[in-house]
Enquirer: 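Before anything else, here's the structure in question.
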Amino acid sequence: MMRSFMKRPETVIGAALVAVLFTLSPFAAGSAEGPLKPSPKDKCPVCGMFVAKYVDWIAGVTFKDGSSAIFDGAKDMFKYLFAIKKYAPARNRQDIEKIYVTDYYTLKMVDGTRAHYVIGSDVFGPMGRELIPFAREADAREFLNDHNGKRILTFKEVTQGIVASLD
């Protein structure tokens, strides 16, 4: 079987081309762009920073009407969620369809409501002390141990007070 494959150079070239295109794709290697694709002009609605500069930290929400809000990190996303009327007066929490964060290890966007967040580590995000998100609790635990983290929180355990303490 391998011999017939190798006798057809166009098959080898085609397979190589597919591999190269996939490698260059924004979804290869777990790009943080996934469901939320920031443009160079998108700013975090909380701090005003340009989000596209920090694709490894992107967090965001998508709304039921198809629009979204993109943040430069989970901390600012939580600030937005806790004070949505301040940042988006026409919005309510009920308008949110999905919440995303970027997994620190894989750089893939994951469901923010199911993520595990490490606080108190020696790793800083674009806005300083940050909630470091992970899809898997085991990864969060490994990170906590490797980076002097203080605690792992679920989405529901993150409070406005905890977020404020990170500033």
Side-chain angles (χ1 to χ4, degrees), residues 26-39 42-167:
F27 299 103
S31 168
E33 292 181 309
L36 299 172
K37 297 177 175 103
S39 79
D42 284 334
K43 289 184 179 182
C44 173
V46 174
C47 70
M49 288 175 56
F50 288 101
V51 180
K53 292 181 178 183
Y54 307 101
V55 294
D56 293 351
W57 294 93
I58 289 176
V61 297
T62 56
F63 296 99
K64 293 174 184 171
D65 67 5
S67 63
S68 62
I70 305 175
F71 310 91
D72 58 343
K75 178 172 65 173
D76 277 357
M77 180 197 68
F78 277 105
K79 286 180 182 180
Y80 181 91
L81 294 175
F82 290 127
I84 195 166
K85 287 295 185 191
K86 173 181 178 181
Y87 299 108
R91 298 282 188 190
N92 293 305
R93 288 278 302 252
Q94 295 78 14
D95 296 333
I96 297 172
E97 183 171 21
K98 191 81 170 164
I99 297 173
Y100 297 99
V101 292
T102 302
D103 181 287
Y104 183 79
Y105 282 153
T106 67
L107 300 181
K108 291 182 180 179
M109 298 222 69
V110 299
D111 182 342
T113 64
R114 300 186 68 164
H116 305 275
Y117 300 88
V118 176
I119 59 170
S121 76
D122 56 13
V123 173
F124 289 74
M127 293 295 294
R129 294 191 305 168
E130 184 63 78
L131 294 128
I132 311 295
F134 297 90
R136 294 173 0 109
E137 184 178 3
D139 290 342
R141 188 144 322 282
E142 177 183 340
F143 178 89
L144 178 104
N145 293 330
D146 291 347
H147 294 281
N148 303 311
K150 302 293 182 236
R151 193 166 159 205
I152 298 172
L153 304 169
T154 64
F155 181 84
K156 290 182 179 183
E157 292 173 319
V158 177
T159 66
Q160 194 167 8
I162 288 170
V163 173
S165 75
L166 297 174
D167 284 335

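No experiment lies behind these values; they were computed from the predicted model shown.
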Enquirer: Over 60° means perpendicular and under 30° means parallel, so tell me whether Tyr105 and Phe143 are parallel, tilted or perpendicular.
Expert: perpendicular

Enquirer: May I ask you to decide if the ring planes of Tyr80 and Tyr87 are parallel, tilted or perpendicular, using 30° and 60° as cut-offs?
Expert: parallel

Enquirer: Which heavy atom of Met109 sits nearest to which heavy atom of Ala59, and what is that distance?
Expert: CE-CA, 4.5 Å

Enquirer: Just wondering, do Asp95 and Lys64 contact through their side chains at under 4.5 Å, heavy atoms?
Expert: no

Enquirer: Looking only at heavy atoms, which two atoms of Val55 and Thr102 are closest? And how far apart?
Expert: O-OG1, 4.1 Å

Enquirer: Quick one: do Phe78 and Ile162 satisfy side chain to side chain contact (heavy atoms under 4.5 Å, CB included)? Show the steps, please.
Expert: CA-CA 10 Å; Phe78 277 105; Ile162 288 170; over 6 Å; no

Enquirer: Rounded to the nearest 0.5 Å, what separation is found between the NZ atom of Lys53 and the CG atom of Asp42?
Expert: 13.0 Å

Enquirer: Measuring from Trp57:CH2 to Glu130:CD, what's the distance to the nearest 0.5 Å?
Expert: 6.0 Å

Enquirer: Looking at every heavy atom in both Ser39 and Ala52, which two are closest together, and how far apart are they?
Expert: O-CB, 3.6 Å

Enquirer: Rounded to the nearest 0.5 Å, how far apart are CZ of Arg114 and CD of Glu137?
Expert: 12.5 Å

Enquirer: Using the rule given for side chain to side chain contact (heavy atoms under 4.5 Å, CB included), can you reason through Ile96 versus Leu81, listing the C-alpha separation, both sets of side-chain angles and the distance that settles it, and then say yes or no?
Expert: CA-CA 10 Å; Ile96 297 172; Leu81 294 175; 3.4 Å; yes

Enquirer: If you take all heavy atoms of Pro45 and Ile70, which pair is closest and at what distance?
Expert: CD-O, 3.3 Å

Enquirer: Looking at the rings of Phe71 and Tyr54, which for Trp means the six-membered one, are their centres under 6.0 Å apart?
Expert: no

Enquirer: So, taking the atom named OH in Tyr100 and the one named CG in Asp111, what distance separates them when rounded to the nearest 0.5 Å?
Expert: 8.0 Å

Enquirer: Identify the heavy atoms of Asp72 and Met127 that sit nearest to each other, and give their distance.
Expert: OD2-CG, 3.3 Å

Enquirer: Given 3.5 Å as the limit, does a donor-acceptor pair link the side chain of Lys86 with the main chain of Val46, or not?
Expert: no

Enquirer: Can you establish whether the number of heavy atoms outside Lys156 located under 6.0 Å from its atom NZ is more than 12?
Expert: no

Enquirer: In Å and rounded to the nearest 0.5 Å, what is the CG to NZ distance from Asp103 to Lys108?
Expert: 9.0 Å

Enquirer: Just one of Leu131, Leu144, Asp139 clears the side-chain contact (heavy atoms from CB on, under 4.5 Å) bar with Val118, so which one?
Expert: Leu144

Enquirer: So which heavy atom on Val101 is nearest to which on Pro133, and how close?
Expert: CG2-CB, 3.6 Å

Enquirer: What verdict does the side chain to side chain contact (heavy atoms under 4.5 Å, CB included) test give for Ile84 and Asn92, after you've listed the backbone C-alpha separation in whole Å, the side-chain angles of each residue and the deciding distance to 0.1 Å?
Expert: CA-CA 7 Å; Ile84 195 166; Asn92 293 305; 5.7 Å; no

Enquirer: How many angstroms lie between CD1 in Ile99 and CE in Met77, if you round to the nearest 0.5 Å?
Expert: 6.0 Å

Enquirer: When you check the gap from the basic side-chain N to the acidic O, do Lys75 and Asp167 get nearer than 4.0 Å?
Expert: yes

Enquirer: Decide yes or no for Asp65 and Arg91: does some side-chain heavy atom of the first lie under 4.5 Å from some side-chain heavy atom of the second?
Expert: yes

Enquirer: State which residues pass side-chain hydrogen bond (donor to acceptor under 3.5 Å, both in side chains) with Ser165; sequence neighbours excluded, sorted by chain then number.
Expert: none

Enquirer: Is there side-chain contact between Lys43 and Phe50, with at least one heavy-atom pair below 4.5 Å?
Expert: yes

